[in-house]
Amino acid sequence: MSEDATPQADEREALINLAIYDYHAAVDRGESPDPVEWANARPEISTELAAYFDDLAKLDLLAPVMSSDRNRARTTDSWSPRASGAIDPHSSAESPRPGDLLGDYVILERLGEGGQGVVWKACAKDALEIVVALKTLRSSSARDPASTDRLRADARAIAQMRHVNIIKIFYFGEDRGRRFFVMELMEGGTVADRLASYVNDPRSAAILVEKVARAVHHAHTRNPGVIHLDLKPRNILLSSEGSRRSRTSVSR
């Protein structure tokens, strides 16, 4: 084996993971990318992508490809709330707002959002002193079975991890068709919020990188099928005492 075989393999794997992540991000935005076209547009990794999409299709997790006309037909006919069990578009659960109730939790404020979901600060309705973070799907993804399956897989994968610097999952639930999961609240914001504080404090920056590296190493080596595809300062959470926790994503 040549000396550069491993770096080449790592680079190829990174390209595949990025292409898969971008595909699901497009689906989460409400788009309908064609898997065949997606693979053909990346000829250097088209074989691997085709195999991935084939696996999704076998598991019935492949998002449907629709023209604009078919999409309108699906919205007005087969995808009505009564027919599919989806959320009523006029329900408060479609777009949660502060004060809304989701399961046994009261939404307090929006903490952030990404390509797939929105994270809220919430409290238990019968115990207001219990404050948590609650993740839901974006409204554009709430009716997509593939997106809800990924949210469930994400929650399960994180719940199985046992590491001091990986956030804890407490509960996965559903309310009026909207899936959500509950996790511990990190009240110190994100590393992105505090980047300036690390400029003149290289020791703290090094400690931060070590903790994140150990958490990601645990996630990747102890949990088959888990790959963190979006590691960046905004996705590294801080407790009020300054401890760092990493969010994780699932790649299947």
In the structure I gave you, are the side-chain heavy atoms of E48 and E13 within less than 4.5 Å of one another anywhere? no
How long is the span from the CE atom in M161 to the CD1 atom in I166, to the nearest 0.5 Å? 5.5 Å
side-chain hydrogen bond (donor to acceptor under 3.5 Å, both in side chains) partners for N40, two or more places apart: none
Are there more than 12 heavy atoms of other residues, nucleotides or ligands under 6.0 Å from atom NE2 of H217? no
Using side-chain hydrogen bond (donor to acceptor under 3.5 Å, both in side chains) as the criterion, list what pairs up with D193, not counting sequence neighbours. T190
Taking R214 for the side chain and H163 for the main chain, is one N or O donor matched with an acceptor at less than 3.5 Å? no
Indicate yes or no for a side-chain donor-acceptor contact from W38 to the backbone of S46 under 3.5 Å, with no hydrogens or angles considered. no
Who passes salt bridge (charged side-chain N to carboxylate O under 4.0 Å, His left out) against R156, sequence neighbours left out? none
Which heavy atom of M183 sits nearest a heavy atom of F181, and at what distance? SD-CE1, 3.7 Å
Using the rule that two of Ile, Leu, Val, Met, Phe, Trp, Tyr join whenever any of their side-chain heavy atoms come within less than 4.5 Å, decide whether L18 and L231 are in one cluster. no
Are L102 and F170 joined in one hydrophobic group, where the rule is that I, L, V, M, F, W and Y side chains link up if heavy atoms are under 4.5 Å apart? yes
Rounded to the nearest 0.5 Å, what separation is found between the CD1 atom of I16 and the CD1 atom of I45? 5.5 Å
Are D230 and K232 ion-paired here, with the side-chain N under 4.0 Å from a carboxylate O? yes
Non-hydrogen atoms of A133 and L111 that approach each other most closely: CB-CD1, 4.5 Å
Looking at every heavy atom in both V36 and D34, which two are closest together, and how far apart are they? N-OD1, 2.9 Å
Taking atom CG of L208 and atom OG of S197, what is their separation to the nearest 0.5 Å? 9.0 Å
Can you tell me if H220 uses its side chain to pair, donor with acceptor, with the backbone of H228 under 3.5 Å? yes
Give me the atom names and distance for the closest heavy-atom approach of L101 to R176. O-NH2, 2.7 Å
Hey, what do you get for CZ (R162) to NZ (K168), rounding to the nearest 0.5 Å? 9.0 Å
From CA spacing to verdict: side-chain contact (heavy atoms from CB on, under 4.5 Å), W120, L108: CA-CA 7 Å; W120 305 87; L108 298 178; over 6 Å; no
Hydrophobic cluster membership, with links at side-chain heavy-atom distances under 4.5 Å among I/L/V/M/F/W/Y: are V209 and V191 in one? no
Is there a path of hydrophobic side-chain contacts, each under 4.5 Å between heavy atoms of I/L/V/M/F/W/Y residues, joining L195 to I236? yes
Tell me, with the steps shown, if V132 and E184 meet side-chain contact (heavy atoms from CB on, under 4.5 Å). CA-CA 5 Å; V132 298; E184 61 179 319; over 6 Å; no
Could you pull out the closest heavy-atom pair between P96 and I107, with the gap in Å? CB-CG1, 4.4 Å
Considering all heavy atoms of both residues, which atom of A39 and which atom of A50 are nearest to each other, and what is their separation? CB-N, 4.3 Å
If you measure from CG on D201 to CZ on R194, what distance do you get to the nearest 0.5 Å? 12.0 Å
Quick one: do E174 and R178 make a salt bridge, cutoff under 4.0 Å? no
Should E44 and R12 count as an ion pair when the cut-off is N to O under 4.0 Å? no
Working to the nearest 0.5 angstrom, can you tell me the gap between C123 SG and D104 CG? 11.5 Å
L49/R42 under side-chain contact (heavy atoms from CB on, under 4.5 Å): CA gap, chis, key distance, verdict: CA-CA 9 Å; L49 291 179; R42 299 160 178 80; 3.8 Å; yes
Should Y23 and Y52 be marked as a ring pair (Phe, Tyr, Trp, His ring centres under 6.0 Å) after you check the CA-CA gap, both sets of side-chain angles, and the distance that decides it? CA-CA 11 Å; Y23 169 82; Y52 174 78; 7.5 Å; no
With side-chain contact (heavy atoms from CB on, under 4.5 Å) as the criterion, how do R179 and F172 come out once you've worked through the C-alpha distance, each side chain's angles and the decisive distance to 0.1 Å? CA-CA 8 Å; R179 276 77 170 183; F172 183 90; 3.7 Å; yes
